[in-house]
Novice: 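Please see the structure below; I have some questions.
Here is the naming used below: chain letters follow the sequence lines, and residue numbers restart at 1 for every chain. In what follows, every heavy atom counts, from backbone to side chain, and hydrogens, waters and symmetry copies are set aside.
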There are 2 protein chains.
Amino acid sequence: MEPDGDQIDALLRLRGVRVTQARRSVFELLSGSALPLSAARIDEMLGNAGRSIDLVTIYRTLETLERCGLITRADRFNEGWRYMVISREHHHMIVCSECGSASPLDVCDLNRIEQSLERTTGFTNIRHSLQFYGICAGCRR
Amino acid sequence: MEPDGDQIDALLRLRGVRVTQARRSVFELLSGSALPLSAARIDEMLGNAGRSIDLVTIYRTLETLERCGLITRADRFNEGWRYMVISREHHHMIVCSECGSASPLDVCDLNRIEQSLERTTGFTNIRHSLQFYGICAGCRR
DNA sequence: TTTTATGCAAACCGTTTGCAGAATC
DNA sequence: GATTCTGCAAACGGTTTGCATAAAA
């Protein structure tokens with residue numbers, strides 16, 4: 001499921017951008033994460049793994065990966081943008097309004113709606129972002 | 001549909017907060033808008049109408065109105081939060097990725113899903129944010 | 001060796017906070 | 001007259017930009 005080093009290199013090369021350690025590290029990290037990650041969190045996790053990258057570079061790397069169509073910005077709730085790899089299966093999240101913890105869901109049946117929107121609104125390239133919020137069991141107490 | 005001055009006063013008083021010109025102006029403006037507005041846009045519109053209010057006060061007013069349950073934060077796409085009055089009919093938007101223009105939609109059938117989520121995830125007070133993105137007809141050219 | 005990416009410092013923009021004066025009750 | 005709100009200035013946090021150095025092609 002998660003692409004290994006060589007596959008990442010190939011994906012980047014295919015898009016005509018240079019293969020660098022920063023891009024490898026960030027993409028690898030996102031590939032291995034079930035949840036969308038913020039730039040700050042990526043910075044922290046890479047630091048903990050002894051692979052520190054400047055936060056500015058992380059932002060530029062995320063922008064590059066997004067332009068290459070490898071990742072996407074999930075949403076921007078309290079803190080800031082969170083990023084995730086674009087995968088075949090389309091996921092949604094439920095996020096606790098108190099502690100920010102998130103769990104992935106496995107439902108999405110909005111593609112039909114998107115198709116009808118293309119006809120009725122004149123918009124093209126329609127995509128959507130669906131997010132549920134609530135209070136998780138831990139925070140209820 | 002849009003509450004007039006007296007109704008707004010009553011709504012505020014009912015919540016036990018003071019009735020002020022700023023709150024009246026901001027709530028009146030949001031009540032008359034079909035689309036969610038950002039704090040900056042509210043500032044601009046009030047300025048144009050000759051009813052300038054300090055941007056800081058607008059933020060505090062929005063927070064107050066939100067705490068009173070009169071308005072809600074819609075989403076936070078490129079610029080920042082956008083606010084809208086809470087109304088009985090639940091709306092979603094489609095937003096152009098190019099120019100940021102938004103059109104309201106009139107579909108939402110996710111309440112059933114929310115109810116089943118309450119049972120399966122243990123979350124309570126579940127709400128959702130659903131947003132469609134695409135390229136509008138104007139930007140396609 | 002040419003081109004592109006990185007790190008550092010500093011700017012930027014939306015939002016929040018502290019505090020004195022003004023408005024509401 | 002007591003309490004709450006407003007405006008101004010300044011701080012804050014996430015993100016972006018400029019520029020010299022380092023790495024990839």
Novice: Which whole-number value in Å describes the distance from Leu65(B) CG to dC5(D) C1'?
Specialist: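 Atom CG in Leu65(B) sits about 13 Å away from atom C1' in dC5(D).
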Novice: In whole Å, I'd like the distance from the CZ atom of Arg24(A) to the P atom of dA23(D).
Specialist: 14 Å
Novice: Is Tyr83(A) close to Thr72(A) at the side-chain level, that is, under 4.5 Å between some pair of heavy atoms?
Specialist: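 Contact flag for Thr72(A)/Tyr83(A) side chains = no.
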Novice: What's touching nucleotides 7-9 of chain C from the protein side, N or O pairs under 3.5 Å?
Specialist:
unit_1, atom_1, unit_2, atom_2, d
dG7(C), OP2, Asp54(A), N, 3.3
dG7(C), OP2, Thr57(A), OG1, 2.8
dG7(C), N7, Arg60(A), NH2, 3.2
dG7(C), O6, Arg60(A), NH2, 2.6
dC8(C), OP2, Asp54(A), OD2, 3.4
dC8(C), N4, Arg60(A), NH2, 3.4

Novice: Measure CG/Leu62(A) against P/dT15(D) and give the value in whole Å, please.
Specialist: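 For the pair Leu62(A) CG and dT15(D) P, the rounded distance is 9 Å.
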Novice: Looking at Ser52(B) and Gly47(B), what are the two nearest heavy atoms and their distance?
Specialist: OG-CA, 3.6 Å
Novice: Could you tell me how far apart Tyr59(B) (OH) and dC12(D) (P) are, to the nearest whole angstrom?
Specialist: 18 Å
Novice: What is the separation between atom CG on Asp9(B) and atom C1' on dC25(C), rounded to the nearest whole Å?
Specialist: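 Roughly 14 Å, once rounded to whole Å.
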Novice: Between OG of Ser31(A) and CE of Met84(A), what distance do you get to the nearest 0.5 Å?
Specialist: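 Here the interatomic distance stands at 11.5 Å.
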Novice: Return whichever of Ala39(A) or Gln21(B) has its heavy-atom-nearest nucleotide of DNA chain D closer to the 5' end.
Specialist: Gln21(B)
Novice: Taking CG from Leu55(B) and C1' from dG14(C), how many angstroms apart are they, rounded to a whole number?
Specialist: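 From Leu55(B) CG to dG14(C) C1': 8 Å.
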Novice: Output the distance between atom CG (Leu30(A)) and atom CG (Leu65(A)), rounded to the nearest 0.5 Å.
Specialist: 7.5 Å
Novice: Tell me the bend of the helix from dT1(C)-dA25(D) to dC25(C)-dG1(D) as the angle between end helix axes, each from five pairs, rounded to the nearest 10 degrees.
Specialist: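 About 30° separates the two local helix axes.
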Novice: Return the minimal non-hydrogen interatomic distance between Arg24(A) and Asp9(A), and the atom names on each side.
Specialist: NH1-OD2, 2.8 Å
Novice: With heavy-atom distances below 4.5 Å as the criterion, would you say the side chains of Glu66(A) and Arg73(A) are in contact?
Specialist: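 Result yes, sub-4.5 Å side-chain heavy-atom pair found.
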Novice: According to salt bridge (Lys or Arg N to Asp or Glu O under 4.0 Å), who are the partners of Glu118(B), at least two apart in sequence or on a separate chain?
Specialist: none
Novice: Side-chain donor-acceptor contacts of residues 13-21 of chain A below 3.5 Å, not counting sequence neighbours, with atom names and distances?
Specialist:
unit_1, atom_1, unit_2, atom_2, d
Arg15(A), NE, Cys68(A), O, 2.9
Thr20(A), OG1, Arg23(A), N, 3.3
Gln21(A), NE2, Ser25(A), OG, 3.3

Novice: Strictly below 4.0 Å, heavy-atom distances to any atom of DNA chain D: list the hits from residues 13-20 of chain B, or just say none.
Specialist: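 Here the set is Arg18(B), Thr20(B).
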Novice: For Leu37(A) and dG14(D), give me the distance from atom CG to atom P, rounded to whole Å.
Specialist: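 Rounding to the nearest Å, CG of Leu37(A) and P of dG14(D) are 15 Å apart.
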Novice: Donor-acceptor pairs under 3.5 Å, side chain of residues 54-62 of chain A to any protein atom, not counting sequence neighbours: which ones?
Specialist:
unit_1, atom_1, unit_2, atom_2, d
Asp54(A), OD1, Val56(A), N, 2.8
Thr61(A), OG1, Thr57(A), O, 2.7

Novice: Any non-hydrogen side-chain atom of Phe27(B) less than 4.5 Å from a side-chain atom of Leu12(B)?
Specialist: no
Novice: Output the rounded distance in Å from CD1 (Ile42(A)) to P (dT15(D)).
Specialist: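 Roughly 10 Å, once rounded to whole Å.
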Novice: As an exercise, state the distance from CZ of Arg51(A) to CG of Leu46(A), rounded to the nearest 0.5 Å.
Specialist: 8.0 Å
